[in-house]
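One-based numbering, in listed order, for ligands and for the atoms of each. Note that the coordinates shown come from a computational prediction; the quantities given were computed from them, not determined experimentally.
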Amino acid sequence: MAIEMQAPKGTKDMLPEDAYKWQYIEGVFRNVAKTYGIREIRTPMFEHTELFLRSVGDTTDIVQKEMYTFNDKGDRSITLKPEGTASAVRAFVENRLFNEAQPTKLYYVTPAFRYENVQKGRLRQFHQCGIEVFGSNAPSMDAEVIAVAMDTLKKLGLKSLSLNINNLGCPECRPKYNEALKKFLQENYDGLCDTCKSRFEKNPMRILDCKEKKCHEITKNAPIILDYVCEECGDHFGKVKEYLDILGLPYTIDPGIVRGLDYYTKTIFEILTSDFTVCGGGRYDKLIEELGGPDMPAVGFGMGIERLIMTLEKEKIEIPKETLFDLYIGARGEAEGKFAFKLANDLRGLGVKCEINHMGRSIKAEMKYANKLGAAYTTILGEDELTNKKINLKRMSDGEIFEVSLDNLEEIAKVVR
Ligand code: ATP
Ligand code: MG
């Protein structure tokens, strides 16, 4: 008996009827990125596990609970990438792109893998559009990166967007904050989940991002890092806000966001729709050096494509549908069928999207099928058409007929496209 196969939990097939949505969203994102001079980078789907331990951080949820890690046949520990930043930084360092004139502005569209509790907007393979900008300290760059995300979301037609920002400080000011936080958490240590207990010494800030209810309760009134940042981080944040004001981008300061990755410094941000956090990012000035590169600042974001699509659907924002076929060529007999076969091939050479009958359908069934496919024009080849070298192109939207010569393929292409 045949086994009924199913896709693994937390994964989704992207069927042809949905692929146009993906292409559209990616296209909007790519075009926005281009207006900022951001160029594409493609990195491998998997990396050495060590890369994520060192970048995402070994006390994060991602590393502690969510990574797809396995030993390959050469006994190397390999991990499917849970996010895009670490790989981009690794590639930047490994290929010595830091020797070129800066900044380096990169974008990517990539799958990411996390072993999560599957629920609405939370998959195990999901996809991100993201950018990473290396080499600039400037607060204007933080604002520009946020603007790329906002431009993309607005171009997609999303309106009710909230931009939340926070300042995570730097290795100068964070130890002081960590001490204050530990002091506060000390009293409730026993009430923390086991994972957070293990984070207490090493990385108490991670406890603020714990999804466990009891930890969330405990941290509600915790001291906030904004009260502890050093002068430089404070100044930087002030200027980021100024640049956001210049762009007319409203924001809310949310001292509660710490983000789920360890590498962030200074500015972090999230963009929320009515249902989801669709985008998260921030500055990570120490990561390039941490991964063996020079001391170079960086800032970027990742945006979840599945959540974007769900939001567009919920807000009833139409994604322009592509015409699948410009022209459907029907044929009455065998000779006409062969002619149609060659004609379709020649028209495709001119960029016309066309289709012929490969199913042995009757003319009537063919036209019904062409209609179902949403062909913009149809034509039927019979003996007369081949003898007179003239065909009728029927515009399906209103039934109007255009007579064209079979000797002039350019003209046919012009009419139907
Ligand atoms: P969340 O707080 O919702 O878990 P996150 O902080 O883990 O998000 P990031 O690592 O910043 O998310 O990833 C950037 C974006 O990728 C998120 O804003 C979201 O849109 C998307 N994303 C993250 N995890 C998933 C997932 N498991 N399934 C679908 N999309 C996801
Ligand atoms: Mg998460």
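Ligand 1 lies within reach of Arg114, whose nearest heavy atom is under 4.0 Å from it. Contact annotation: Arg124 has no heavy atom less than 4.0 Å from any atom of ligand 1. Heavy atoms of Glu83 stay at 4.0 angstrom or farther from ligand 1.
Protein heavy atom in closest approach to atom 27 (N) of ligand 1: Glu116 OE2, 2.6 Å. Of all protein heavy atoms, the one closest to atom 19 (C) of ligand 1 is Arg307 NH1, 3.5 Å. In terms of protein heavy-atom proximity, atom 21 (C) of ligand 1 is closest to Gly304 CA, 3.7 Å. Here the protein heavy atom with the shortest distance to atom 18 (O) of ligand 1 is Thr277 O, 3.3 Å. Of all protein heavy atoms, the one lying nearest to atom 1 (P) of ligand 1 is Arg122 NH2, 3.6 Å. In this structure, atom 2 (O) of ligand 1 lies nearest to the protein heavy atom Lys211 NZ, 3.8 Å. Closest protein heavy atom to atom 28 (N) of ligand 1: Leu123 N, 2.9 Å.
Geometrically, ligand 1 and Gly260 share no nitrogen or oxygen pair separated by less than 3.5 Å. Taking any N or O of Phe126, backbone or side chain, none lies under 3.5 Å from an N or O belonging to ligand 1. No N or O atom of Met303 sits closer than 3.5 Å to an N or O atom of ligand 1.
One option in Glu270, Lys120, Arg259, Gln125 has a heavy atom closer to atom 6 (O) of ligand 1 than any other, and that option is Arg259.
Near Val278, meaning under 4.0 Å from any of its heavy atoms, are these atoms of ligand 1: 18 (O), 20 (O). Proximity to Gly302 (heavy-atom distance under 4.0 Å) selects the following atoms of ligand 1: 14 (C), 15 (C).
Atom CG of Asp72 is surrounded by more than 12 heavy atoms from other residues, nucleotides or ligands within 6.0 Å.
The side chain of Gln128, and not its backbone, has at least one atom closer than 4.0 Å to an atom of ligand 1 (non-hydrogen atoms only; side chain from C-beta on). Looking at Glu66 against ligand 1, nothing comes within 4.0 Å, counting heavy atoms. Here Cys279 has backbone heavy atoms under 4.0 Å from ligand 1, and that is the only part of it that gets that close. With a 4.0 Å heavy-atom cut-off, ligand 1 is reached by no atom of Glu306.
With Arg114 contributing its side chain and Pro82 its backbone, the two residues share a donor-acceptor pair below 3.5 Å. Remark: side-chain polar atoms of Glu315 are not paired, donor with acceptor, to backbone N or O of Ile317 under 3.5 angstrom. A donor-acceptor pair under 3.5 Å links the side-chain atoms of Thr49 to the main chain of Ser77, judged by distance alone. When atom types are taken as modelled, the side chain of Gln128 and the backbone of Glu83 share no donor-acceptor pair closer than 3.5 angstrom.
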Practice item. Test side chain to side chain contact (heavy atoms under 4.5 Å, CB included) on Tyr108 and Thr85 and set out the steps. Key: CA-CA 10 Å; Tyr108 52 79; Thr85 303; 4.0 Å; yes
Exercise for review: Decide yes or no on side chain to side chain contact (heavy atoms under 4.5 Å, CB included) for Val258 and Arg206, but give the supporting numbers first.
Suggested key: CA-CA 8 Å; Val258 289; Arg206 273 280 65 85; 4.2 Å; yes
Exercise for review: Quick one: do Gln64 and Ser198 satisfy side chain to side chain contact (heavy atoms under 4.5 Å, CB included)? Show the steps, please.
Suggested key: CA-CA 11 Å; Gln64 290 187 323; Ser198 76; 4.0 Å; yes
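Nearest heavy-atom pair across Tyr243 and Pro139 is CD1-C, 4.0 Å. Lys266 and Cys233 get closest at one heavy-atom pair: CE-SG, 3.7 Å.
With rounding to the nearest 0.5 angstrom, the CZ atom of Phe113 is 11.5 Å from the OG1 atom of Thr79.
A cation-pi arrangement is found for Arg124 relative to Tyr115, the charged atom lying closer than 6.0 Å to the ring centre and inside a 45° cone about the ring normal.
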